[in-house]
Visitor: 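Starting off with a structure, shown below.
Model, not experiment: these values are computed from the prediction. Note that the numbering runs from 1 along the sequence shown for the chain.
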Amino acid sequence: MTVFNTASNNQKHSDTVLPPESTTLQHASQPQLLHKRPLGTATPMIHRRDFVHRIGHAALVFAVIGLFLAVPFWVAVVTAGKAQQEALTPNLQLPSQWHLWSNFLHVITDGKMFQALLGSLIVTVPSVFLALLLGSMAAWIFARRTSKLVAVLYAVFISGLILPPSVVTMMLLLKYMHLAGTAVGMVSVYTGIYLSIVIFLITGFVRTIPYSLEEAARIDGAKPWQIFFKVIFPLLLPTLASATILVVLYIWNDVFYALFILSGKLDTLPLNLYKVASASLYVNNWHYIFAYIILMSVPLLLVFIFGQRKIISGITGGAVK
């Protein structure tokens with residue numbers, strides 16, 4: 001009888017199901033018979049795949065850049081170095097004989113580029129200076145004041161980024177003020193048009209400047225103009241550099257507003273190109289037209305090459321922050 005009870009108890013214990021923890025412990029206590037994968041075997045494959053993906057992305061980026069930038073630039077350079085007969089149909093073929101420097105010299109002398117360059121400088125430099133000065137001062141007020149009136153004024157100024165200016169209204173206003181066809185009127189128009197870009201970029205950056213700096217200067221007896229020019233303005237130099245490059249690009253390449261406002265009384269480089277390209281001197285002379293475009297674009301290319309990092313840092317500092 002005792003033997004029977006012992007056997008039945010052993011059968012009950014063998015029929016019971018072990019919990020997961022005990023099963024895990026039993027498996028852990030058993031010797032590992034499976035073959036382990038050596039450490040570091042999967043890492044080279046992952047790095048290799050990442051390297052291939054990076055190479056593919058870089059190749060795609062360079063292909064897009066070459067399609068949209070390198071090909072037009074190559075066509076301009078090649079066409080500018082050709083003779084008249086070869087340049088009648090611009091293409092990617094190299095010229096049979098290079099005439100690049102002679103075409104440049106012809107454009108500079110007969111195209112009146114020096115007079116147009118002087119006109120562009122007369123219009124561009126004061127416009128950029130006034131837009132940066134007035135825009136930075138307005139941005140400082142917009143960033144520090146929180147009233148509803150200031151918010152409405154800020155929205156009005158920023159709307160210039162979206163809403164196009166009325167050319168007819170500007171022409172009538174300049175005509176009544178006797179500024180039509182003058183450099184002063186052109187500078188006033190450019191300053192008003194691109195003031196919104198400067199305010200938009202600088203307002204966001206001013207908000208990141210600690211207000212305690214202004215309070216410390218105010219405690220020391222500094223006046224508002226002293227606080228702006230001695231405390232705030234030096235901190236705005238990176239964003240002002242990026243805004244300068246952007247405004248210079250817009251003004252330097254403008255033809256539309258200069259055509260209506262200057263009315264032929266003052267020539268700029270793009271406006272002079274439009275005139276000489278439509279004149280009889282440059283009819284079917286694509287080699288001279290492309291040579292003019294290259295010479296006109298060289299200053300902007302240099303400015304953009306040396307200032308592209310400041311453009312990115314200024315946009316992220318002013319718009320994102």
Visitor: At their closest point, which heavy atom of A291 faces which heavy atom of V107, and how far apart are they?
Guide: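 Closest pair (atom of A291, atom of V107, distance): CB-CG2, 4.0 Å.
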
Visitor: Would you give the length of the straight line joining atom OG1 of T146 to atom CG of L149, rounded to the nearest 0.5 angstrom?
Guide: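 Atom-to-atom, T146:OG1 and L149:CG are 11.5 Å apart.
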
Visitor: Could you walk me through whether Y257 and M170 pass the side chain to side chain contact (heavy atoms under 4.5 Å, CB included) check?
Guide: CA-CA 10 Å; Y257 298 109; M170 287 191 301; 3.9 Å; yes

Visitor: So, for V78 and Q93, which heavy atoms are closest and what is the spacing to 0.1 Å?
Guide: CG1-O, 2.6 Å

Visitor: Can you confirm whether F157 is buried at CZ, in the sense that more than 12 heavy atoms of other residues, nucleotides or ligands lie under 6.0 Å from that atom?
Guide: no

Visitor: Quick check: is L295 connected to F73 through a chain of hydrophobic side chains (ILVMFWY, heavy atoms under 4.5 Å apart)?
Guide: yes

Visitor: Take L153 and I141, measure what side chain to side chain contact (heavy atoms under 4.5 Å, CB included) needs, and give me the verdict at the end.
Guide: CA-CA 11 Å; L153 292 176; I141 301 298; over 6 Å; no

Visitor: List the steps and the verdict of side chain to side chain contact (heavy atoms under 4.5 Å, CB included) for K112 and D267.
Guide: CA-CA 10 Å; K112 299 180 180 180; D267 278 342; over 6 Å; no

Visitor: Would you confirm whether N253, through its side chain, and L249, through its main-chain N or O, come within 3.5 Å as a donor-acceptor pair?
Guide: yes

Visitor: T239 and S242: which non-hydrogen atoms are nearest, and at how many Å?
Guide: O-OG, 2.7 Å

Visitor: Ignoring hydrogens and angles, tell me if any N or O in the side chain of T124 forms a donor-acceptor pair with the backbone of W252 under 3.5 Å.
Guide: no

Visitor: Would you say that W140 contacts L236 through its side chain, given a criterion of any heavy-atom pair below 4.5 Å between the two side chains?
Guide: no

Visitor: What closest approach, in Å, do S127 and I251 show between heavy atoms, and which atom pair accounts for it?
Guide: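 What the structure gives for the nearest pair is CB-CD1, 3.7 Å.
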
Visitor: Transitively linked via ILVMFWY side-chain contacts under 4.5 Å: L172 with L174?
Guide: no

Visitor: Evaluate the side chain to side chain contact (heavy atoms under 4.5 Å, CB included) criterion for residues M177 and V184: first the C-alpha distance (whole Å), next the side-chain angles of each, then the deciding distance (0.1 Å), finally the verdict.
Guide: CA-CA 11 Å; M177 298 176 65; V184 177; over 6 Å; no

Visitor: Could you check whether any side-chain heavy atom of N91 comes within less than 4.5 Å of a side-chain heavy atom of V75, counting everything from C-beta outward?
Guide: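 A side-chain contact under 4.5 Å is absent here.
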
Visitor: Would you name the heavy atoms of A143 and T203 that are closest together and state the gap between them?
Guide: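 For A143 and T203, the tightest heavy-atom pair comes out as CB-O, 3.9 Å.
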
Visitor: Measuring only between side-chain heavy atoms, which start at C-beta, is Y190 closer than 4.5 Å to V187?
Guide: no

Visitor: Atom CE in M186, atom CG in L266: separation rounded to 0.5 Å?
Guide: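 Rounded to the nearest 0.5 Å, the CE-CG separation comes to 9.5 Å.
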
Visitor: Is there a path from V123 to L133 through hydrophobic residues (I, L, V, M, F, W, Y) whose side chains come within less than 4.5 Å of each other?
Guide: yes

Visitor: Determine, using ring centers only, whether F228 and W225 are less than 6.0 Å apart.
Guide: no

Visitor: Give me the atom names and distance for the closest heavy-atom approach of F142 to R207.
Guide: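 Taking F142 first and R207 second, the nearest heavy atoms are O-NH2, 4.1 Å.
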
Visitor: Heavy atoms, side chains only, cut-off 4.5 Å: are L213 and I232 in contact?
Guide: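 Of all side-chain heavy-atom pairs linking I232 with L213, none is under 4.5 Å.
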
Visitor: Run the side chain to side chain donor-acceptor pair (under 3.5 Å) check on D110 and Y288 step by step: do they pass?
Guide: CA-CA 10 Å; D110 294 346; Y288 291 150; over 6 Å; no

Visitor: Atom OG1 of T79 and atom CH2 of W74: how far apart are they, to the nearest 0.5 Å?
Guide: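 It is 10.5 Å, given to the nearest 0.5 Å.
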
Visitor: For the CZ atom of F290 and the CG atom of N103, what is their distance to the nearest 0.5 Å?
Guide: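 CG of N103 is found 12.5 Å from CZ of F290.
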
Visitor: Partners of S147 by side-chain hydrogen bond (donor to acceptor under 3.5 Å, both in side chains), sequence neighbours excluded?
Guide: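 For S147, no residue satisfies side-chain hydrogen bond (donor to acceptor under 3.5 Å, both in side chains) once neighbours in sequence are set aside.
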
Visitor: Is there a path of hydrophobic side-chain contacts, each under 4.5 Å between heavy atoms of I, L, V, M, F, W or Y residues, that connects V247 with L121?
Guide: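 Yes, one cluster joins them.
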
Visitor: On the 0 to 90° scale, with breaks at 30° and 60°, tag the F229-F233 ring pair as parallel, tilted or perpendicular.
Guide: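 Tilted.
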
Visitor: Mind checking the OG-OH spacing from S196 to Y154? Nearest 0.5 Å is all I need.
Guide: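 Reported value, rounded in 0.5 Å steps: 10.0 Å.
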
Visitor: Can you measure from CZ (F205) to OG (S136) and round to the nearest 0.5 angstrom?
Guide: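 Result: 12.5 Å between the selected atoms.
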
Visitor: Is R144 close to I209 at the side-chain level, that is, under 4.5 Å between some pair of heavy atoms?
Guide: yes

Visitor: Under a single-linkage definition using a 4.5 Å side-chain heavy-atom cutoff for Ile, Leu, Val, Met, Phe, Trp and Tyr, are Y194 and M137 assigned to the same hydrophobic cluster?
Guide: yes

